[in-house]
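What follows is a single structure, written as structure tokens, with notes after it.
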Amino acid sequence: MRLFAAVMPPPDAVDELRRAVAPLRDDRLRWTDEAGWHFTLAFMGEVRDELLPDLHARLARAAHRTEPFGLRIHGCGHFGDRALWAGAAGGIDPMRMLAERADAAARRAGVAMEHHRRYTPHLTLARSRTGADLRPYTEALAGFEGTPWRVGELSLVRSNLPTAGVPGEQPRYAVVEAWPLAA
């Protein structure tokens, strides 16, 4: 299974962001489906079935060791000329700690975590295959401030990649399991 640990924004936060992004949507970018909006904490890639029980147990411990925290979708940024994203504000330090714990849980469960980088909280909005000037989008969303919510769980999400050769198909995401953060 292709897996990642994530924080899933609540429906109200997704609705607010959808309304802000709607006027910007055009065909210069491939816009991500709102149903897949999430803050990835640790990307694990393909995980062998035999590692899943230990991975689940370790992610449950990581969640249990993390207090719930406040978060809101905030502003916008980009990675080079290929990815447009919305950022986060509020409990960034606890979110980074949860990301580190999720990464460590996966490593200890035997998952090859090859893509480890300093954590940058982001929710991918759109991508460009060929590169694009993303400044008009980042300028339009720079002042976006979502309503705060309380992050109360860590989710393990399965990513189903699009079928090769099917134009416009997007990855599909399904929460495999979620663990409450410490009470």
Side-chain angles (χ1 to χ4, degrees), residues 1-11 13-14 17 32 35-80 82-127 138 141 144-161 171-183:
M1 278 193 262
R2 186 177 170 88
L3 299 172
F4 59 90
V7 165
M8 309 301 285
V14 170
L17 184 58
T32 58
W37 283 351
H38 60 270
F39 289 96
T40 299
L41 298 172
F43 178 75
M44 298 167 202
E46 293 294 331
V47 176
R48 297 185 322 268
D49 289 346
E50 64 267 17
L51 299 179
L52 292 177
D54 193 29
L55 176 62
H56 283 225
R58 290 178 183 280
L59 288 172
R61 281 196 295 274
H64 181 72
R65 292 176 49 213
T66 306
E67 294 290 326
F69 55 93
L71 198 67
R72 70 183 184 281
I73 301 173
H74 164 81
C76 186
H78 59 90
F79 294 127
R82 301 215 178 230
L84 176 70
W85 49 263
I92 299 303
D93 288 339
M95 191 160 162
R96 279 198 177 108
M97 178 60 70
L98 185 57
E100 288 174 17
R101 288 177 175 157
D103 183 88
R107 287 177 190 281
R108 289 184 183 123
V111 177
M113 298 294 288
E114 300 163 1
H115 303 287
H116 185 72
R117 311 179 178 96
R118 171 137 169 86
Y119 182 66
T120 302
H122 69 281
L123 182 155
T124 303
L125 297 172
R127 293 181 179 87
T138 58
L141 291 170
F144 179 78
E145 288 292 336
T147 302
W149 81 89
R150 193 133 180 94
V151 175
E153 65 183 22
L154 167 64
S155 296
L156 181 62
V157 182
R158 181 179 185 167
S159 172
N160 297 297
L161 296 177
R172 294 174 320 282
Y173 303 107
V175 174
V176 174
E177 191 159 343
W179 299 273
L181 300 186

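Each residue takes its place number in the sequence, starting with 1. Note that the structure is a prediction, hence the values are computed from the model and not measured. All values below were derived from every heavy atom in this structure, side-chain atoms included, with hydrogens, water molecules and symmetry-related copies excluded.
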Does the side chain of [X] reach to within under 4.5 Å of the side chain of [Y], using non-hydrogen atoms?
X: L3; Y: L55; result: yes
X: D49; Y: L52; result: yes
X: I92; Y: F69; result: no
X: L154; Y: T66; result: no

Closest contact, heavy atoms only, [X] versus [Y]:
X: A182; Y: P68; result: O-CD, 2.7 Å
X: R72; Y: G146; result: CD-O, 3.3 Å
X: M95; Y: P121; result: CE-CB, 4.0 Å
X: T40; Y: F43; result: CG2-N, 4.1 Å
X: R127; Y: T32; result: NH1-CG2, 3.5 Å
X: C76; Y: L141; result: CB-CB, 3.5 Å

Exercise. Test side chain to side chain contact (heavy atoms under 4.5 Å, CB included) on F79 and T120 and set out the steps.
Key: CA-CA 11 Å; F79 294 127; T120 302; 4.3 Å; yes

Checking [X] now: which residues fulfil side chain to side chain donor-acceptor pair (under 3.5 Å) with it, not counting sequence neighbours?
X: R48; value: E50
X: E177; value: H56, W179
X: T138; value: none
X: H74; value: E145

Roughly how far, to the nearest 0.5 Å, is [atom2] of [Y] from [atom1] of [X]?
X: L71; Y: R150; atom1: CG; atom2: CZ; result: 11.0 Å
X: N160; Y: M1; atom1: CG; atom2: CE; result: 10.0 Å
X: Y173; Y: R2; atom1: OH; atom2: CZ; result: 8.0 Å
X: T124; Y: F39; atom1: OG1; atom2: CZ; result: 10.0 Å
X: M44; Y: M113; atom1: CE; atom2: CE; result: 5.5 Å
X: T147; Y: I73; atom1: OG1; atom2: CD1; result: 9.5 Å

Quiz prompt | Results of side chain to side chain contact (heavy atoms under 4.5 Å, CB included) for M8 - residues two or more places apart only | solution =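 Expected list: A6, H38, S155, V157, V175.
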
Quiz item: For atom CZ of R61, is the number of surrounding heavy atoms from other residues, nucleotides or ligands below 6.0 Å larger than 12?
Solution: yes

Quiz prompt | Test item: R108 side-chain N/O and R58 main-chain N/O as donor-acceptor pair under 3.5 Å | solution =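 Not at all, since once roles are kept as given, no pair shorter than 3.5 Å links the two residues.
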
Exercise answer: donor-acceptor pairs, residues 84-91 side-chain atoms, under 3.5 Å, sequence neighbours excluded:
none

